[in-house]
Amino acid sequence: MRRMAYNDLRSAVKLHDEVAMNTISSLFFNDTGAMQTSSNALKNKVLPFDRAIHEWYRFVLSFPPHLVREYMQRFSIAPGHVVLDPFCGTGTTLVECKKHAIAAVGLEPSPMAFLASRVKTSWNCSPDALWAVAEVIAREAERSFRQEGLYDDIDQPLFEDRANVEDSGVRMSLSNDKMALLLKDSISPLPLHKALVLSDLINGQPDGLLRDYCRLALAKSLVADIGNLHFGPEVGIGRPKKDAPVVRSWLGHIRLMVDDLNAAKADASTNVYQGDARDPSRFLQPCSVDFVITSPPYPNEKDYTRTTRLESVMLGLINSRDELRTLKRMLMRSNTRNVYKGDEDGKWVRDHHEIQSIMQQIEQRRVDLGKTSGFERMYARVTELYFGGMMRHLAELRPILRPGAQLAYVVGDQASFLRVMIRTGSILADLAERLGFQAQRIDLFRTRLATATQQQLREEVVVLRWPGEKCNG
Ligand SMILES: C[S@@+](CC[C@H](N)C(=O)[O-])C[C@H]1O[C@@H](n2cnc3c(N)ncnc32)[C@H](O)[C@@H]1O
């Protein structure tokens with residue numbers, strides 16, 4: 001019987017090597033830890049020495065660990081403090097805090113991102129047990145493929161020697177309802193079959209934490225290697241893969257997890273809740289948070305449920321249109337696909353002159369351009385709902401913060417709604433001041449070229465301070 005060499009697996013894993021080591025030498029960090037580089041693209045990359053744990057599963061547009069670190073240094077965050085990321089996504093802030101032995105709390109409604117944040121901050125998993133379980137699952141999967149006349153990877157069998165086998169033609173698939181939730185052609189039939197065999201074996205693993213590690217590695221494999229997704233940075237469909245080495249890819253990602261767990265040093269308590277940042281008191285004690293470092297959604301038509309649809313459906317995290325709708329209702333109204341009749345957050349900003357003026361400009365441009373689709377008619381309303389939701393979030397956050405708490409919100413200017421410019425950072429700072437926060441400054445993180453307008457859009461960090469004098473709760 002052939003035994004899999006650990007290091008073989010590394011070549012099976014598509015490491016995201018966009019930042020090669022030699023470019024690092026051209027980077028320069030100043031004494032606040034800020035990255036000084038002329039390259040805007042580089043600023044948003046995960047640096048090679050930051051990859052551990054962060055790379056287990058990330059959104060393409062997640063902010064980078066070095067940005068979190070920069071604000072940890074600027075705010076002099078140290079062990080004993082508590083950091084909150086109310087829009088924690090895949091957990092960049094939480095993981096970076098844990099690496100520095102700083103306690104952190106995250107909120108995230110999306111089940112896929114919630115799973116990622118939870119697993120990435122659960123370091124009490126035995127790396128040996130994880131590898132042992134993964135090896136058994138991989139063997140079982142390969143045996144099952146062989147019985148059906150399939151290979152995981154015909155060129156490099158994992159455990160078994162190559163044999164002449166005849167394809168039985170048997171294929172597992174998803175139910176019609178689940179198939180309908182996927183982006184069309186996001187996964188080809190044979191890789192889908194193999195991923196479902198693997199997924200069933202993973203789901204049979206009785207230990208919940210080990211199972212979740214295995215599921216996160218499968219999510220990563222689906223996005224990076226198994227499915228046909230292409231990120232540019234919006235999610236789309238790339239070249240279809242007729243077949244893919246499913247188990248090999250998955251085991252490779254497990255191997256990286258095992259290595260990272262073995263090397264993980266600092267630690268601190270991390271709590272992640274599947275919740276809405278506009279209702280933080282459901283999860284957090286009054287006066288319990290010293291700092292906030294976060295990147296909320298922007299008003300830009302980006303649908304986070306689409307970006308993560310393949311892995312969410314494959315892992316059984318979203319199973320029906322109803323479940324998808326329930327999730328969307330918990331999300332910030334940042335795109336026209338999750339606006340609902342009874343939405344009321346707009347009332348928070350009804351008297352805000354700049355927001356109301358942006359809404360009028362968007363509506364006027366829509367009329368001038370003769371745009372009549374349901375989505376286009378919704379652009380003005382989603383702008384109001386977005387800022388209203390952000391204001392509600394900041395208002396509800398106040399009792400949770402300790403006096404003197406400092407907050408960093410990474411947000412970007414947007415021109416997605418008929419090219420009307422929305423200065424997200426400065427409006428957010430203004431809303432915060434109306435609620436009693438001190439808007440200390442707005443730092444430029446980087447600029448991004450908007451392809452539609454060829455304009456450089458600012459991505460900024462809005463720095464706030466909560467001046468409250470004492471805790472009342
Ligand atoms: C820009 S992403 C954050 C990415 C994150 N910094 C990371 O490291 O992956 C914004 C996140 O906010 C989440 N989100 C949307 N609406 C939310 C809400 N009402 N409460 C909390 N999080 C929400 C989205 O699901 C998404 O994961």
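Nothing fancy with the numbering, it's 1 onward along the sequence. We count ligands from 1, going down the list as the structure has it; atoms in each ligand are counted the same way. None of the values given here were measured: they were computed from a predicted structure.
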**Request:** Name all pairs fulfilling the salt bridge (Lys or Arg N to Asp or Glu O under 4.0 Å) condition that reach into residues 279-296, sequence neighbours left out, sorted by first residue then second.
**Result:**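 Only D290-R402 qualify under salt bridge (Lys or Arg N to Asp or Glu O under 4.0 Å).
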**Prompt:** F87 and H393: aromatic ring centres closer than 6.0 Å?
**Reply:** yes
**Request:** Write out all pairs satisfying side-chain hydrogen bond (donor to acceptor under 3.5 Å, both in side chains) with one or both partners inside residues 108-126, taking only residues at least two apart or from two chains.
**Result:** R118-D212
**Prompt:** Which pairs pass side-chain hydrogen bond (donor to acceptor under 3.5 Å, both in side chains) with one or both residues in residues 429-441, sequence neighbours excluded?
**Reply:** H352-D430, Q406-Q440, D430-R434, Q438-R465, R441-D443
**Request:** Could you tell me whether R381 and E384 have a side-chain N and a carboxylate O separated by less than 4.0 Å?
**Result:**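 No.
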**Asked** Salt bridge or not for R69 and E96, using N-O below 4.0 Å?
**Response**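 Yes, this pair counts.
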Ligand 1: which protein N/O atoms lie under 3.5 Å from its N/O atoms?
unit_1   : atom_1 : unit_2 : atom_2 : d
ligand 1 : 6 (N)  : S295   : OG     : 3.1
ligand 1 : 8 (O)  : T92    : N      : 3.2
ligand 1 : 8 (O)  : T92    : OG1    : 2.4
ligand 1 : 9 (O)  : S62    : OG     : 2.7
ligand 1 : 9 (O)  : T90    : N      : 2.8
ligand 1 : 9 (O)  : T90    : OG1    : 2.7
ligand 1 : 16 (N) : M332   : N      : 2.9
ligand 1 : 19 (N) : D276   : OD1    : 2.9
ligand 1 : 19 (N) : M330   : O      : 2.9
ligand 1 : 20 (N) : A277   : N      : 2.8
ligand 1 : 25 (O) : E108   : OE2    : 2.7
ligand 1 : 27 (O) : E108   : OE1    : 2.8
ligand 1 : 27 (O) : E108   : OE2    : 3.4

